[in-house]
Protein chains: 2
Amino acid sequence: MQVKYNSPMSEKTTRSSCPVNFSLELFGDKWSLLIVRDMLFRQLQNYGDFLSSPERISTNILANRLKQLEGNGLIQKFPDPSDRKKYIYLLTEKGEDLLPVLLEMIRWGIKYSDKTAVPQEIRRRLESDIDGFIKETRTAIRDKRDALLNSHALVT
Amino acid sequence: MQVKYNSPMSEKTTRSSCPVNFSLELFGDKWSLLIVRDMLFRQLQNYGDFLSSPERISTNILANRLKQLEGNGLIQKFPDPSDRKKYIYLLTEKGEDLLPVLLEMIRWGIKYSDKTAVPQEIRRRLESDIDGFIKETRTAIRDKRDALLNSHALVT
DNA sequence: ACAATAACTTGCAATATGCAAGTTGAAATT
DNA sequence: AATTTCAACTTGCATATTGCAAGTTATTGT
């Protein structure tokens, strides 16, 4: 079998030990953070969901990015207990920790884009209750992860 | 003359009106934020400086990214008053506003990379004095920009 | 058994990247 | 005034990544 994607054998050589560079090597492209965004803010969790996101990622790129994100420990893949032909992708804690990065990108995007589609409620909380918003989002994700880890433990 | 890079005529079609996507379309690649980092934290300001950064950007990519960043209003290019064969690249306010994004990426990178090279002083301030650190960095950048805008006004 | 559906893979053209070498224009040197 | 130097790019080209369309595989539901 051919070695492709980010398998251990095709390890990318890291360009430097700067943390910015480290981050960019894991998610510095036009798609990875959109997938993380969909998981953080839109509760999307399976392949088809991501495919229907408004940016229209193509299926081969999606497969590749999911593999990379999983390989880098940002997401985890589970069989869907309620539908055996589906899989559920969830953020790990490492992936969940990208929330502050995403939030700052959203603030910047809102400030400099003429036309942003952000629900007023989220916009308000970004301005006046960012800590509460972070906590709430994190809790929601953790709950989902815990629920699935349990159900998965029961199934296996 | 051929139209290349991000000239108005080759305008990229935007994939969606999400602010995360907006951000990614302007700096979602492996190099742009490294240049911004060099300007924010390392006081680099000319072509040769960026070329010698540890990640070894190649010269055509650097030229391309500087043009993009300038075209998108994140940086500005000035003739160097002290050396007429040099140019000085400085962040605009729009570029400077990426500081919080970069800082969150640094926090994440420090947390998840085994081997990060971050001066202890910066690491400490990230933890205990992030607001002060932001203010200080911003002031330094603004001062430089103002100084150059004045000198430039005098020269032209 | 047969069609439908979710999650991918494959083929291939178009685009972007990385490396080496070349060009340009201002300044200093001869 | 001609020549060299140097910073800032451009160009050519091989390789890698992307994007689009179509195909494959493994469950299910009928």
Side-chain angles (χ1 to χ4, degrees), chain A residues 1-7 10-16 24-25 27-32 34-35 38 44-71 75-90 155, chain B residues 1-7 10-16 24-25 27-32 34-35 38 44-71 75-90 155:
Chain A
M1 194 196 185
Q2 272 294 92
V3 175
K4 286 177 179 178
Y5 316 104
N6 258 15
S7 85
S10 67
E11 207 74 51
K12 296 268 193 326
T13 68
T14 160
R15 298 178 295 184
S16 81
L24 290 173
E25 296 197 345
F27 54 79
D29 69 271
K30 299 221 183 299
W31 293 109
S32 300
L34 289 180
I35 298 172
D38 283 348
L44 304 193
Q45 46 184 23
N46 54 55
Y47 201 88
D49 289 344
F50 302 128
L51 275 184
S52 355
S53 254
E55 291 86 6
R56 316 318 327 269
I57 189 170
S58 53
T59 176
N60 55 340
I61 304 292
L62 175 58
N64 172 274
R65 293 307 191 277
L66 289 173
K67 222 165 273 189
Q68 275 183 215
L69 289 170
E70 194 185 4
I75 65 177
Q76 245 181 312
K77 183 183 183 179
F78 302 94
D80 186 332
S82 73
D83 181 345
R84 297 208 34 211
K85 58 186 162 186
K86 286 191 176 183
Y87 293 94
I88 292 183
Y89 292 94
L90 293 184
V155 169
Chain B
M1 196 196 186
Q2 272 295 91
V3 175
K4 285 179 180 179
Y5 315 104
N6 258 15
S7 86
S10 66
E11 207 73 52
K12 294 268 193 326
T13 69
T14 158
R15 299 177 295 183
S16 82
L24 289 173
E25 296 197 345
F27 54 80
D29 70 88
K30 298 221 184 298
W31 293 109
S32 300
L34 289 180
I35 298 172
D38 283 349
L44 305 194
Q45 46 183 24
N46 55 53
Y47 201 87
D49 289 344
F50 302 127
L51 275 184
S52 358
S53 254
E55 291 86 6
R56 316 317 330 267
I57 190 170
S58 54
T59 175
N60 56 339
I61 304 292
L62 175 58
N64 172 275
R65 292 308 191 276
L66 288 173
K67 221 165 273 189
Q68 275 182 215
L69 289 171
E70 193 185 4
I75 65 175
Q76 245 180 312
K77 182 184 182 178
F78 302 94
D80 187 333
S82 72
D83 180 345
R84 298 208 35 211
K85 59 188 162 184
K86 285 192 179 183
Y87 293 95
I88 292 184
Y89 292 94
L90 291 185
V155 169

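The model shown is predicted, which means the values in this text are computed figures rather than measured ones. Just so you know, these numbers use all the heavy atoms, side chains as well, and skip hydrogens, waters and symmetry mates. Letters go in sequence order (proteins before strands), and every chain restarts at 1.
Between S53(A) and L44(A) the shortest heavy-atom distance is OG-CD1, 3.8 Å.
With R65(A) as the fixed residue, the side chain to side chain contact (heavy atoms under 4.5 Å, CB included) test singles out one of I75(A), D29(A), L34(A): D29(A).
Side-chain proximity of S58(B) to the nucleotides dT10(D), dG18(C), dG19(D) is greatest for dG18(C).
With rounding to whole Å, E70(B) atom CD is found 14 Å from dA8(D) atom C1'. In this structure, the CZ atom of F78(A) is 15 Å from the P atom of dA7(C), given to the nearest Å. A straight line from CG of L62(A) to P of dT18(D) spans 13 Å, rounded to a whole angstrom. Atoms CD1 (I35(A)) and P (dC8(C)) sit 12 Å apart, rounded to a whole Å. In this structure, the CG atom of L34(A) is 15 Å from the C1' atom of dG19(D), given to the nearest Å. The CD atom of Q68(B) sits 13 Å away from the C1' atom of dT17(C) (whole-angstrom rounding).
Nearest-nucleotide assignment on DNA chain C puts the 5′-proximal partner with L66(A), out of L66(A) and R65(B).
Proximity of P79(B) to I88(B): side-chain heavy atoms (C-beta onward) are nowhere separated by under 4.5 Å.
From D38(B), atom CG reaches atom OG of S52(B) across 9.5 Å, with rounding to the nearest 0.5 Å. The structure places NZ of K30(A) at 13.0 Å from CD1 of I57(A), a figure rounded to the nearest 0.5 Å. The structure places CD1 of I35(A) at 12.0 Å from CG of D49(A), a figure rounded to the nearest 0.5 Å.
A cation-pi arrangement is present between R15(B) and W31(A), with the terminal nitrogen or guanidinium carbon under 6.0 Å from the aromatic centre and inside a 45° cone about the axis. Judged by the 6.0 Å distance and 45° axis criteria, K77(A) is not positioned over the aromatic ring of Y89(A).
The side chain of K77(B) places an N or O atom within less than 4.0 Å of a non-bridging phosphate oxygen (OP1 or OP2) of dC9(D). For the pair K67(B) and dT10(D), the criterion of a side-chain N or O lying under 4.0 Å from OP1 or OP2 is met. Taking side-chain N and O atoms only, W31(A) has a distance below 4.0 Å to OP1 or OP2 of dG19(D).
In this structure a side-chain-to-backbone donor-acceptor pair under 3.5 Å is missing from N64(A) to N60(A).
The residue R56(B) sits apart from the nucleic acid: no heavy atom pair falls under 4.0 Å. Backbone-only engagement by Y89(B) is indicated by non-hydrogen atom pairs under 4.0 Å involving sugar-phosphate atoms exclusively.
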Please enumerate all protein N or O atoms sitting under 3.5 Å from an N or O of nucleotides 21-30 of chain D, with distances to 0.1 Å.
residue	atom	partner	partner atom	Å
dT28(D)	OP1	R84(A)	N	2.9

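One axis for each end of the helix from dA1(C)-dT30(D) to dT30(C)-dA1(D), each built from five base pairs, and the angle between them comes to 0° at 10° resolution.
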